[in-house]
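Below: one structure, written as structure tokens.
Both backbone and side-chain heavy atoms feed into the values below; hydrogens, waters and symmetry mates do not.
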Amino acid sequence: VQLQASGGGLVQAGGSLRLSCVVSGGTFSRYVMGWFRQAPGKEREFVAAINWIGGATYYADYVKGRFTISRDNAKNTVTLQMNSLKPEDTAVYYCAAGRPVLASMGRGYDYWGQGTQVTVSS
């Protein structure tokens, strides 16, 4: 199973970015899909997740109301729409696939993408 993330970039505070992650080589619809991020010098942290049929979504408190996760099982793609970005959102963002017991726990995911850099300037 391979995950390919894209859509990162440089944006000013208050701006928006849309991240995408395409999954190949597996049965996409069976996976919980998650987004995590890691800033320099910090541990990886949970951002958002969506279950395999897209009926349930989960967000970290620090992105709730600003970020939206969605998935298209026909296109094997999960998307993270990020609005009202803040400088503290600067990090490398990773998509992940798996069947975690708890969606926010990174070790429950089996497959990870390579990461895409998001930089928010003040």
Side-chain angles (χ1 to χ4, degrees):
V1 177
Q2 293 186 326
L3 285 69
Q4 181 70 43
S6 61
L10 173 64
V11 65
Q12 289 188 335
S16 298
L17 282 174
R18 187 178 180 89
L19 305 184
S20 294
C21 177
V22 179
V23 179
S24 60
T27 306
F28 179 74
S29 60
R30 293 183 179 179
Y31 298 126
V32 172
M33 297 299 301
W35 286 96
F36 292 77
R37 69 187 185 186
Q38 187 167 20
K42 295 186 177 182
E43 293 188 352
R44 183 182 63 195
E45 62 182 11
F46 170 72
V47 175
I50 186 168
N51 76 351
W52 45 90
I53 59 173
T57 56
Y58 312 89
Y59 296 95
D61 287 343
Y62 35 81
V63 304
K64 201 171 293 184
R66 300 188 296 122
F67 291 11
T68 302
I69 188 171
S70 61
R71 67 188 293 160
D72 185 337
N73 285 347
K75 296 182 179 179
N76 288 5
T77 300
V78 61
T79 299
L80 185 69
Q81 177 66 44
M82 306 186 296
N83 299 328
S84 302
L85 283 161
K86 305 175 181 180
E88 51 263 43
D89 293 319
T90 295
V92 177
Y93 283 70
Y94 299 90
C95 59
R99 305 189 75 173
V101 174
L102 189 61
S104 61
M105 292 186 69
R107 62 174 179 264
Y109 292 82
D110 300 308
Y111 309 103
W112 293 81
Q114 85 287 1
T116 184
Q117 176 71 46
V118 171
T119 303
V120 184
S121 63
S122 58

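Of all the heavy atoms in F46 and A103, the pair that sits closest is CE1-O, 3.5 Å. Nearest approach of I69 to V78, heavy atoms of both residues: CG1-CG2, 3.8 Å. What you find for S20 and T79 is that their closest heavy atoms are OG-OG1, 3.9 Å. Smallest separation of non-hydrogen atoms from Q117 and A91: NE2-O, 3.5 Å. The two residues V47 and V63 come nearest to each other via the heavy atoms O-CG2, 3.4 Å. G8 and T116 get closest at one heavy-atom pair: N-OG1, 3.1 Å.
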Side chain to side chain contact (heavy atoms under 4.5 Å, CB included) for M82 and W35? Distances and angles first, verdict last. CA-CA 12 Å; M82 306 186 296; W35 286 96; over 6 Å; no

Would you please test V23 and M33 for side chain to side chain contact (heavy atoms under 4.5 Å, CB included) and show each step? CA-CA 10 Å; V23 179; M33 297 299 301; 3.7 Å; yes

Report the C-alpha separation of K86 and V120 in whole Å, then their side-chain angles, then the decisive distance to 0.1 Å, and conclude whether the side chain to side chain contact (heavy atoms under 4.5 Å, CB included) test is met. CA-CA 6 Å; K86 305 175 181 180; V120 184; 5.5 Å; no

Working note: Y31 + Y111, criterion side chain to side chain contact (heavy atoms under 4.5 Å, CB included); need CA distance, chi angles, decisive distance, verdict. CA-CA 10 Å; Y31 298 126; Y111 309 103; 3.8 Å; yes

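How far CD of Q38 is from CD of E45: 9.0 Å, rounded to the nearest 0.5 Å. Y93 OH to C21 SG: the interatomic distance, rounded to the nearest 0.5 Å, is 15.0 Å. Here R18 contributes atom CZ and T68 contributes atom OG1; the two are 9.5 Å apart, rounded to the nearest 0.5 Å.
Put simply, the side chain of R71 never gets that close to the backbone of V32: no donor and acceptor are under 3.5 Å apart. Q114 places a side-chain N or O within donor-acceptor distance of the main-chain N or O of A5, the cut-off being under 3.5 Å. Proximity of a side-chain donor or acceptor of N73 to a complementary backbone N or O of W52 within less than 3.5 Å is detected. N51 contributes a side-chain N or O that, together with a main-chain N or O of A56, makes up a donor-acceptor pair within less than 3.5 Å.
Linking Ile, Leu, Val, Met, Phe, Trp and Tyr residues whenever their side-chain heavy atoms come within less than 4.5 Å leaves Y94 and L102 in two separate clusters. Put simply, Y62 and L80 are part of the same group of oily side chains (I, L, V, M, F, W, Y) that touch within less than 4.5 Å, one to the next. Side-chain heavy atoms closer than 4.5 Å link hydrophobic residues (I, L, V, M, F, W, Y) into clusters, and following such links, even through other members, never connects V22 to V1.
A search for salt bridge (Lys or Arg N to Asp or Glu O under 4.0 Å) contacts involving K64 returns D61, not counting sequence neighbours. R66 pairs by the salt bridge (Lys or Arg N to Asp or Glu O under 4.0 Å) definition with D89, not counting sequence neighbours.
The closest side-chain donor-acceptor pair between S6 and Q4, if any, does not fall under 3.5 angstrom.
Between Y109 and F36, the two ring planes are perpendicular [angle over 60°; tilted spans 30° to 60°].
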